[in-house]
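Predicted model, so just to flag it, every value in this text is computed and none were measured. Numbers here are sequence positions counted from 1.
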Amino acid sequence: MPARYGSEIFMHDAYATLRVSHEGGIVRVTVDNPPVNVLDVALMSDLRALLTSLRDDDSVRVIVFDSADPDFFIAHVDMSLVDAPDAFDELAADIPEGVNVFQALGELLRHQPQVTIVKLAGLARGGGAEFIAAADMAFAAIGRAGIGQIEGLMGIVPGGGGTQYLASRIGRNRALEAVLGADLHDAETAERYGWINRAVPADELDDIVDRLARNIAALPEGVVAAAKRAILPDDLAEGFLREHDAWAGQIVRPAAERLIRGGLAHGAQTRDGERDLEGVLRELAG
């Protein structure tokens with residue numbers, strides 16, 4: 001059951017992988033899925049349930065996402081699913097037509113009626129980077145944050161909206177650089193490219209995001225909804241079909257399975273391995 005402290009309501013037991021609180025029109029969501037916050041079935045289920053539950057809640061104007069782990073936001077999609085290809089079948093049963101289960105999460109977030117803000121203090125790759133690009137805004141800590149689409153080093157391409165979100169945000173040329181370069185981008189580069197809103201000093205990240213969230217939540221009635229109606233997300237329906245076909249055509253190739261299994265065997269999804277996952281996978285690919 002939710003617990004109340006002062007004016008803030010904490011929903012301790014509602015989600016296995018999220019810590020959620022609600023105060024002053026702001027829902028704060030902290031991802032807590034050790035050891036490195038992989039986007040597995042549990043985390044995806046919780047995120048979908050939370051976003052769905054908030055869609056019609058008029059008391060919420062802003063949703064802020066951060067991580068309980070200072071080193072990792074959402075690492076990437078769970079690579080161990082290579083051994084459980086049917087793990088997402090239940091989640092996929094009720095997704096909208098024209099998107100896969102990973103794209104459906106991004107679209108749920110991208111079309112959320114509340115303003116969604118990511119506070120990035122650590123690393124986000126693959127599905128974690130896609131989640132950030134689907135949010136309305138993102139702010140990243142200089143010297144600590146990193147973001148990248150690492151899928152190319154696994155023999156695949158982003159399949160959760162990343163190709164489309166990036167092309168829309170940063171342009172085709174830089175989207176190709178991010179997808180095919182498969183590097184980790186620091187906060188300043190991500191800001192310069194337009195991948196995030198701003199790179200800010202690490203010790204100011206909390207205050208900057210909190211001030212923005214409170215200012216938005218304090219706006220007169222109807223302003224947030226009117227702004228989100230006026231500034232609509234791009235229609236990416238055709239692009240999602242192209243992306244899924246590209247991803248599905250690669251994931252069945254032997255190289256993808258070899259690289260994903262090899263990555264897991266060499267430290268992927270452990271804290272040490274995730275610190276330089278690009279290096280781990282490049283050695284395997286070489």
Side-chain angles (χ1 to χ4, degrees), residues 16-18 30-47 65-85 87-88 102 105 118-133 138 140-160 162 166 177-187 189-190 195-196 202 247 250-286:
T17 64
L18 305 173
T30 298
V31 179
D32 188 9
N33 192 29
V36 293
N37 288 346
V38 294
L39 186 59
D40 56 13
V41 174
L43 178 54
M44 185 176 289
S45 298
D46 281 351
L47 287 168
F65 296 90
D66 65 8
S67 173
D69 189 323
D71 296 324
F72 301 98
F73 175 61
I74 295 174
H76 45 71
V77 171
D78 185 1
M79 294 166 62
S80 70
L81 293 172
V82 68
D83 290 318
F88 283 104
F102 306 109
L105 175 62
V118 170
K119 185 166 59 176
L120 181 63
L123 304 182
R125 299 178 171 103
E130 290 172 322
F131 188 90
I132 291 168
I142 295 171
R144 293 192 54 85
I147 187 170
Q149 297 293 164
I150 198 173
E151 292 89 344
L153 296 175
M154 302 177 191
I156 57 177
V157 294
L166 278 179
E177 177 191 351
V179 170
L180 298 178
D183 278 327
L184 199 61
H185 296 71
D186 60 30
T189 303
W195 202 332
I196 63 169
W247 174 85
Q250 289 299 122
I251 195 68
V252 297
R253 290 176 178 262
E257 182 176 354
R258 177 180 66 82
L259 290 167
I260 292 170
R261 290 189 188 280
L264 288 167
H266 287 80
Q269 302 192 178
T270 68
R271 296 189 69 81
D272 287 342
E274 289 287 331
R275 295 187 193 283
D276 183 23
L277 186 55
E278 291 81 6
V280 169
L281 293 173
R282 286 190 198 283
E283 283 194 18
L284 291 169

Does the side chain of [X] reach to within under 4.5 Å of the side chain of [Y], using non-hydrogen atoms?
{"X": "Arg125", "Y": "Leu184", "value": "yes"}
{"X": "Asp83", "Y": "Arg261", "value": "yes"}
{"X": "Glu274", "Y": "Gln269", "value": "yes"}
{"X": "His76", "Y": "Val38", "value": "yes"}
{"X": "Glu130", "Y": "Gln149", "value": "yes"}
{"X": "Pro34", "Y": "Asp32", "value": "yes"}

[X] versus [Y], closest heavy-atom pair with distance:
{"X": "Gly155", "Y": "Ala256", "value": "O-CB, 4.2 Å"}
{"X": "Phe102", "Y": "Gly160", "value": "CB-CA, 3.7 Å"}
{"X": "Ala68", "Y": "Thr30", "value": "N-CG2, 3.2 Å"}
{"X": "Ile147", "Y": "Ala190", "value": "CG2-CB, 3.9 Å"}
{"X": "Gly146", "Y": "Leu120", "value": "O-CD2, 4.1 Å"}
{"X": "Leu123", "Y": "Ala145", "value": "CD2-C, 4.4 Å"}

Result of checking Ile251, Leu259, Val252 against Ile156 for side chain to side chain contact (heavy atoms under 4.5 Å, CB included):
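Result for side chain to side chain contact (heavy atoms under 4.5 Å, CB included) with Ile156: Ile251.
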
Rounded to the nearest 0.5 Å, what separates atom [atom1] in [X] from atom [atom2] in [Y]?
{"X": "Leu277", "Y": "Asp272", "atom1": "CG", "atom2": "CG", "result": "12.5 Å"}
{"X": "Asp71", "Y": "Arg144", "atom1": "CG", "atom2": "CZ", "result": "5.5 Å"}
{"X": "Asn33", "Y": "Asp40", "atom1": "CG", "atom2": "CG", "result": "4.5 Å"}
{"X": "His266", "Y": "Glu283", "atom1": "NE2", "atom2": "CD", "result": "8.0 Å"}
{"X": "Leu39", "Y": "Phe131", "atom1": "CG", "atom2": "CZ", "result": "8.5 Å"}
{"X": "Ile150", "Y": "Arg282", "atom1": "CD1", "atom2": "CZ", "result": "8.0 Å"}

I'd like to know whether Asp78 forms a side-chain hydrogen bond (donor to acceptor under 3.5 Å, both in side chains) with Ser80, so could you lay out the CA-CA distance, the side-chain angles of the two residues, the decisive distance to 0.1 Å, and finally the verdict.
CA-CA 5 Å; Asp78 185 1; Ser80 70; 2.7 Å; yes

Can you list the steps and then say if Val77 with Glu151 is a side-chain contact (heavy atoms from CB on, under 4.5 Å)?
CA-CA 10 Å; Val77 171; Glu151 292 89 344; over 6 Å; no

Are more than 12 heavy atoms, taken from residues, nucleotides or ligands other than Arg258, located less than 6.0 Å from that residue's CZ atom?
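Buried by this count: over 12 neighbours within 6.0 Å.
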
Just checking Phe65 against Phe73, ring centres under 6.0 Å apart?
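Not close enough - the centres of the two rings lie 6.0 Å or further apart.
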
Hey, mind stepping through Leu18 and Val31 against side-chain contact (heavy atoms from CB on, under 4.5 Å) and telling me if it holds?
CA-CA 5 Å; Leu18 305 173; Val31 179; 4.2 Å; yes

